[in-house]
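Written out below as structure tokens is the structure these notes cover.
Both backbone and side-chain heavy atoms feed into the values below; hydrogens, waters and symmetry mates do not. Letters go in sequence order (proteins before strands), and every chain restarts at 1.
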There are 2 protein chains.
Amino acid sequence: MIHFKIAIDCVIVGYDSQLNELKVLLTERVNEPQKGKWALPGGFVKKTESFEKTAASILLRETGMTNVYLRQLKAYSLTDASQDNRIASVAYYSLVKFENLTDASRQQYSRWFPWNGIPTLPFDHGKKVAFAFEKIKELVRLEPVVYHLLPTKFPLNQLQRFYEALYNIKIDNRNFRKKILKLPYIERLDEVEKNVSHRPGYLYHFNEKKYKENSSPY
Amino acid sequence: MIHFKIAIDCVIVGYDSQLNELKVLLTERVNEPQKGKWALPGGFVKKTESFEKTAASILLRETGMTNVYLRQLKAYSLTDASQDNRIASVAYYSLVKFENLTDASRQQYSRWFPWNGIPTLPFDHGKKVAFAFEKIKELVRLEPVVYHLLPTKFPLNQLQRFYEALYNIKIDNRNFRKKILKLPYIERLDEVEKNVSHRPGYLYHFNEKKYKENSSPY
DNA sequence: GCAAAAGTGTTACCCTTACACCCATGA
DNA sequence: TCATGGGTGTAAGGGTAACACTTTTGC
């Protein structure tokens, strides 16, 4: 009976609102194979850990964060391994708030790469990143996961620019506002943008409780 | 370093249009543990097989079919196993046309259970079945996967009854027809139902080519 | 005062929903 | 002739999309 080592790979995604672009966290591999190459952060599943736990600990190691959006992407069976010892991997993807990253969480061997400037990755990591982005695009249409990427408080046009960047479209700002302001779970705060060289806009936030109350179970 | 045996479990789903209900194929376990219990058909990944290949061969073994709709559901890390030898499993789900089942494909140890009459399953199989149905419900809303479950040629009200059963709703047949007939990829055939004790309806089929032409890439 | 984004209404179109009756067939 | 589903149109409401100008701030 064949046995597998199981690696967990994490596609950790953040949104840089300054540059209006999505980013992925990559780390430089410190071990062979592919030593020195940029790759997805990952690790092997330990004896007592579930896949999800392993993914969460990788996320903690790389970003210093816990309790962030983390979902399974897909399990992959690598077939290029040798003999009796195959490697499988389960990929996870995570959405993190860029603003919450501390300097301490910027690891020596890690770097955020813009979505459109990712180097060629070893193994099947390129495929995993691409699949994660497909998934995220789908997901954003269906559920308010955007709010895991945006700062807790955001002006409406930051939200708009996010959608414009993600789908590479132009959105009419009047229609966009009408649509967003109708949502019961987006609430305006008594606070405005600061240090912007234009008329400051009100800040909004996502009220998760109201979202759950208002979303029908089917 | 811990190693895993990896099992593939398949949630094989069919639609019985006679009874208007979704069914799941279960098999009686012939080996310990849980020998004699109904469970999801499955097997361990062999040395040279990918996960998907393993799933496809299980599907072939159980239904005699190839080239059917088969997708990965999720990878599960069982944590109740002993010592150095853990078991992981990757679940797949499949949609098959009930009409295409031959008698030969009705295995001695297998039986189709109605969605609402599934016995308590061992391991995490109950969880997997439930998750597969959630996924399928979602999927049907987003993509025309219904047509993997329905017969190749179907009258409109069979389609309507399928939706009504899946979501447990009542649909107005005028509105339903308007909506379906507007779809460019549902084509009416020059053929009508036979042996029905009411006015026979025209048969329709799903034109996959037209679907792909007409669906935008984003 | 200039640049840059905030903020604001109306109209047309489309899609969805609600709703009732005659038609063709097998038994 | 009866039971059963096949087949048809219209009106109202809600959401989406196209469209331009004034306001407020930093510099």
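Residues satisfying the ring-ring contact (aromatic ring centres under 6.0 Å, His included) test with B/His205, not counting sequence neighbours, are none. With sequence neighbours excluded, no residue forms a salt bridge (Lys or Arg N to Asp or Glu O under 4.0 Å) with A/Lys135. Partners of B/Glu52 according to the side chain to side chain donor-acceptor pair (under 3.5 Å) rule, which considers only residues two or more places apart in sequence or in another chain, do not exist here. For A/Glu191, the side chain to side chain donor-acceptor pair (under 3.5 Å) partners at least two apart in sequence or on another chain are A/Lys153. Contacts of A/Glu138 classified as side chain to side chain donor-acceptor pair (under 3.5 Å), with partners at least two apart in sequence or in another chain: none.
The CG-P distance, from A/Leu156 to C/dT8, rounds to 10 Å in whole Å. One interatomic measurement links the two molecules: CD1 of A/Ile180 to P of D/dT16, which rounds to 10 Å at whole-angstrom precision. Rounded to whole Å, the distance from CD on B/Glu191 to P on D/dG6 is 16 Å. The CZ-P distance, from B/Arg161 to D/dT4, rounds to 14 Å in whole Å. As a whole-Å value, the separation of A/Lys194 NZ from C/dA4 C1' is 20 Å. At whole-Å resolution of the value, CD in A/Gln158 and P in C/dG7 are 14 Å apart. Atoms CG (B/Leu183) and C1' (C/dT16) sit 14 Å apart, rounded to a whole Å. Summarising the geometry, the separation between CD1 on A/Ile171 and P on D/dA18 is reported as 11 Å, rounded to the nearest angstrom.
Inspection of the A/Tyr202 and A/Asp190 side chains reveals no N or O donor paired with an N or O acceptor under 3.5 Å.
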Base versus backbone protein contacts along nucleotides 17-27 of chain C [heavy-atom cut-off under 4.0 Å; B, S, -]: BBBB--BBBS-
